[in-house]
**Q** 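Input: one structure, supplied below.
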Amino acid sequence: ASGSLELFCMLLLVCILILVCAIPWAYCIGRLKTPSKGLLMMAPAAIVFGLIVGPISSSFFAGNPVAFSVPWVPQLGLDFSLHLHGVGLLLALLVTGIGAFIQLYATGYMSGYEQAHKLYAFLYAFMLAMLGLAFSDHLLLFFVFWELTSITSYLLIGFNHEKAESRR
């Protein structure tokens with residue numbers, strides 16, 4: 001079980017790293033004028049989906065404990081704790097799977113919009129916050145990811161702030 005736990009921890013951290021790196025990736029790739037931009041935009045989410053659906057879910061369904069914890073603020077007894085459970089796995093697969101297709105759709109829908117690259121980055125930030133909600137195993141960590149979800153939702157809702165109807 002120790003080997004599968006180490007595999008889970010490694011893959012989970014890789015998933016988080018991919019989504020963190022996807023934010024500047026989306027910002028830069030979103031500025032390109034290429035026909036394959038949609039596929040490039042959805043690649044980080046699709047990779048994370050594949051990592052979750054493959055080794056992580058097989059380890060989970062094999063009955064191995066899948067949890068990760070490192071001290072966050074040890075003076076207060078707070079840990080950065082992540083845990084994989086059934087609902088979290090389902091939510092993570094929905095977030096990354098649907099998120100990949102949303103990125104693909106958004107590149108086509110927003111193709112003529114000058115500031116679309118910001119929207120792509122906001123979408124990945126939202127995806128990262130939602131994935132954190134799915135895996136968080138500490139109430140304070142859950143609260144932090146919940147607030148990140150609120151902030152990124154606000155950024156997505158108010159994205160087209162140049163128009164008066166969007167501001168309303």
Side-chain angles (χ1 to χ4, degrees), residues 1-2 4-27 30 41-61 63-103 105-106 115 117-161 166-168:
S2 173
S4 65
L5 180 61
E6 291 169 2
L7 174 68
F8 167 74
C9 293
M10 180 194 70
L11 288 174
L12 186 60
L13 292 176
V14 166
C15 290
I16 291 171
L17 181 63
I18 288 171
L19 287 179
V20 166
C21 293
I23 296 169
W25 165 269
Y27 192 83
M41 290 303 298
M42 73 182 289
I47 290 169
V48 171
F49 179 85
L51 287 172
I52 292 171
V53 81
I56 291 179
S57 62
S58 64
S59 175
F60 172 76
F61 288 117
N64 297 325
V66 283
F68 173 74
S69 183
V70 280
W72 185 14
V73 184
Q75 297 82 0
L76 298 176
L78 300 176
D79 295 333
F80 183 86
S81 301
L82 303 173
H83 177 77
L84 181 65
H85 48 80
V87 174
L89 176 66
L90 178 65
L91 183 59
L93 291 174
L94 285 172
V95 165
T96 56
I98 294 172
F101 287 110
I102 288 172
Q103 286 287 5
Y105 178 78
Q115 301 293 320
H117 58 283
K118 292 180 184 177
L119 175 72
Y120 308 144
F122 292 158
L123 285 170
Y124 269 115
F126 181 77
M127 206 180 305
L128 177 64
M130 289 296 293
L131 195 63
L133 278 176
F135 289 139
S136 63
D137 192 34
H138 193 284
L139 185 59
L140 184 62
L141 187 62
F142 184 84
F143 178 76
V144 167
F145 282 118
W146 184 264
E147 289 305 314
L148 285 173
T149 305
S150 300
I151 292 167
T152 53
S153 294
Y154 175 78
L155 291 171
L156 286 168
I157 291 168
F159 170 70
N160 197 8
H161 58 81
S166 297
R167 287 192 301 270
R168 262 185 269 124

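Counting begins at 1 with the first residue of the sequence.
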**Q** Quick one: OG1 on Thr152 to CD on Glu147, what's the gap to the nearest 0.5 Å?
**A**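 Rounded to the nearest 0.5 Å, the OG1-CD separation comes to 10.5 Å.
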**Q** Decide side chain to side chain contact (heavy atoms under 4.5 Å, CB included) for Phe101 and Tyr105; before the verdict, give the C-alpha distance in whole Å, the side-chain angles of both, and the deciding distance to 0.1 Å.
**A** CA-CA 6 Å; Phe101 287 110; Tyr105 178 78; over 6 Å; no
**Q** Any side-chain heavy-atom pair from Phe145 and Leu141 closer than 4.5 angstrom?
**A**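 Yes; the side chains approach each other to less than 4.5 Å.
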**Q** What closest approach, in Å, do Leu133 and Phe142 show between heavy atoms, and which atom pair accounts for it?
**A**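 Smallest interatomic distance, heavy atoms only, reads CD2-CE1, 3.4 Å.
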**Q** Looking at every heavy atom in both Ala45 and Met127, which two are closest together, and how far apart are they?
**A**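 Result for this residue pair: CB-SD, 3.7 Å.
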**Q** At what distance, to the nearest 0.5 angstrom, does CG of Leu94 lie from CG of Leu89?
**A** 9.5 Å
**Q** Has Tyr120 got a side-chain atom pairing as donor or acceptor with Trp25's backbone, closer than 3.5 angstrom?
**A**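 Side chain of Tyr120 to backbone of Trp25: no pair is present.
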**Q** Can you give me the closest heavy-atom contact between Met41 and Gln103, atom names plus distance?
**A**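 In this case the closest contact between Met41 and Gln103 is CE-OE1, 3.6 Å.
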**Q** So which atom in Thr96 and which in Ala92 form the shortest heavy-atom distance, rounded to 0.1 Å?
**A**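 Scanning both residues, the minimum pair turns out to be OG1-O, 2.8 Å.
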**Q** Once rounded to the nearest 0.5 Å, what's the spacing between atom CZ of Phe126 and atom OG of Ser150?
**A**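 If we round to the nearest 0.5 Å, Phe126:CZ and Ser150:OG are 9.0 Å apart.
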**Q** For the side chain of Tyr124 and the backbone of Pro24, is there at least one donor-acceptor N/O pair under 3.5 Å apart?
**A** no
**Q** Between Phe49 and Leu93, does a side chain to side chain contact (heavy atoms under 4.5 Å, CB included) hold up when you go through it step by step?
**A** CA-CA 6 Å; Phe49 179 85; Leu93 291 174; 3.7 Å; yes
**Q** I need the minimum non-hydrogen distance between Lys118 and Phe159, along with the two atoms involved.
**A**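 Closest approach of Lys118 to Phe159: CB-CE1, 3.9 Å.
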**Q** Quick one: CZ on Phe143 to CG on Leu148, what's the gap to the nearest 0.5 Å?
**A**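 Taking CZ in Phe143 and CG in Leu148, the distance rounds to 10.0 Å.
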**Q** Looking at every heavy atom in both Ala46 and Ala100, which two are closest together, and how far apart are they?
**A** N-CB, 4.0 Å
